[in-house]
Structures are given as structure tokens and as C-alpha cells.
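These notes concern the structure reproduced below.
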Amino acid sequence: MHNALDYIRRWRHTRGYGVHSPLAFLIVKECVRPDRKYGFYSDAYLEFEYHEDRKGLRNAKLALRLINLLRPKRVWIPEGDKRLCTALKMSFPKIQFATQKECPKNVDFIICHSGDHKSWWKKMDNMDECGMLVFGKEPENIENATLRLNSKSFTILLRREGMDFVSYSI
């Protein structure tokens with residue numbers, strides 16, 4: 001019974017309603033649960049590469065929509081999926097993408113599938129505004145995030161200047 005009540009309470013958040021932060025609402029409406037279809041140059045490539053991996057395709061499209069909305073300048077994808085890296089480079093040629101194991105300088109967004117999220121986030125501490133998209137296990141004990149969107153399959157963390165801390169489960 002508890003799970004059913006929790007689902008009913010969170011249902012509105014899955015569509016963006018009940019989310020009071022304008023940025024969080026925009027992320028839910030435009031990235032997590034878009035009302036309209038996005039068209040990227042890399043969509044056909046993603047459909048081909050992820051034809052047997054529906055979860056991977058969903059995650060790749062979420063990453064594309066999030067990068068499109070936030071427009072970071074430098075994105076780090078440690079231990080990144082080559083298919084995702086190729087799709088991002090095809091869709092956003094002006095954004096610098098790095099896939100090496102060590103954190104490059106002046107990175108302002110991280111897309112990660114595994115690893116030590118806390119240490120990666122700390123490497124970005126000298127940056128004013130930054131973000132992280134984590135697939136799989138929810139990152140724990142991450143400080144200085146002003147926005148946190150949790151789902152069972154991903155977590156979005158953002159640090160924005162002048163923004164109060166908000167957290168939502170979607």
C-alpha cells in the first residue's frame with residue numbers, strides 16, 4: 001500500500017507539475033518527459049547503434065536533450081560509451097567533449113555511467129556553475145548541488161549561482 005501512495009504522490013512530478021523550481025520544471029518538461037519530439041542530426045545514428053538496447057537509447061536521448069537545454073561549453077564523459085560520444089559530437093559540434101580518464105580543465109558538465117561520482121564532482125568545485133548526469137546508482141554525499149533530480153535510473157545534479165537548494169524525485 002505504501003508504494004501505491006508514494007507513486008500517486010510522485011506522479012505529478014514525473015510530468016513536471018508540482019515542481020516549483022523554474023529550471024527543474026524546464027528540465028522535466030523538455031528533457032525527462034518531453035511533450036514534443038526532438039530532432040537531432042544523430043537520431044538515426046542512435047536508433048541504429050542502440051537497436052537492441054532500449055534503455056541505452058533512452059539514456060542517450062536524455063543526455064542529448066539535457067545538453068541541448070543547458071548548453072555547456074565543455075563536457076567530460078569519463079569511461080564514456082563511444083556511441084553516445086559520437087552522437088553528441090555529431091549534434092553539438094561547437095561543444096568540446098572529452099573522454100579521457102583524468103578530468104580536463106574547465107569542464108562544466110559530466111555525463112557518467114559508473115565510477116567515483118563524489119570525487120568527480122569535487123574536481124568541479126572551482127567552477128561557478130556546473131552539472132552532472134549520472135546513470136544507474138544514485139550518487140551519495142554530493143555537496144554544493146543546488147538542484148537535484150532523482151529517478152530510479154538517473155540523477156541530474158546542477159550547481160547554479162544564486163539558486164536555493166531544491167530536490168525532486170521523479
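On a predicted model such as this, the values are computed, not experimentally measured, just so you know. By convention here, the first residue in the shown sequence is residue 1.
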Legend entry - pair I142-L157: side-chain heavy atoms closer than 4.5 Å: yes
Inset, instruction - Answer whether the closest heavy-atom distance between the side chains of R148 and P139 falls below 4.5 Å. - result: yes
Compare every heavy atom of [Y] with every heavy atom of [X], then report the nearest pair and how far apart it is.
X    : Y    : result
W121 : C130 : CH2-SG, 4.0 Å
F109 : I67  : CD2-CD1, 3.7 Å
C31  : P34  : O-CD, 3.7 Å
V75  : V107 : C-CG2, 3.9 Å
R54  : H51  : NH1-O, 4.0 Å
P78  : I111 : CD-O, 3.6 Å

Throw together a table of side-chain donor-acceptor distances under 3.5 angstrom for residues 82-99, partners on residues two or more places apart or in other chains.
from : atom 1 : to  : atom 2 : distance (Å)
R83  : NE     : D81 : OD1    : 3.3
R83  : NE     : D81 : OD2    : 3.4
R83  : NH1    : E49 : O      : 3.2
R83  : NH2    : D81 : OD2    : 3.1
T86  : OG1    : K82 : O      : 2.9
S91  : OG     : S42 : OG     : 2.7
S91  : OG     : A87 : O      : 3.2

[X] side chain vs [Y] backbone, donor-acceptor pair below 3.5 Å:
X    : Y    : value
T146 : D164 : no
W76  : Q100 : yes
D108 : R74  : yes

Inset, instruction - For I77 and C112, run side-chain contact (heavy atoms from CB on, under 4.5 Å): C-alpha distance rounded to whole Å, both residues' side-chain angles, the deciding distance at 0.1 Å, then the answer. - result: CA-CA 6 Å; I77 311 172; C112 50; over 6 Å; no
Inset, instruction - Quick one: do L149 and T155 satisfy side-chain contact (heavy atoms from CB on, under 4.5 Å)? Show the steps, please. - result: CA-CA 6 Å; L149 292 170; T155 301; over 6 Å; no
Inset, instruction - May I have the step-by-step check of side-chain contact (heavy atoms from CB on, under 4.5 Å) for R71 and L69, ending in yes or no? - result: CA-CA 6 Å; R71 292 292 182 181; L69 178 71; over 6 Å; no
Inset, instruction - Step by step, work out the side-chain contact (heavy atoms from CB on, under 4.5 Å) result for L147 and R160. - result: CA-CA 8 Å; L147 172 64; R160 293 289 180 258; over 6 Å; no
Inset, instruction - Working to the nearest 0.5 Å, report the span between NE2 of H113 and CZ of F154. - result: 13.0 Å
Legend entry - Inter-residue atom distance R33.CZ - R65.CZ, 0.5 Å rounding: 9.5 Å
Legend entry - Hphob cluster co-occupancy, I27 + F165, side-chain heavy atoms under 4.5 angstrom: no
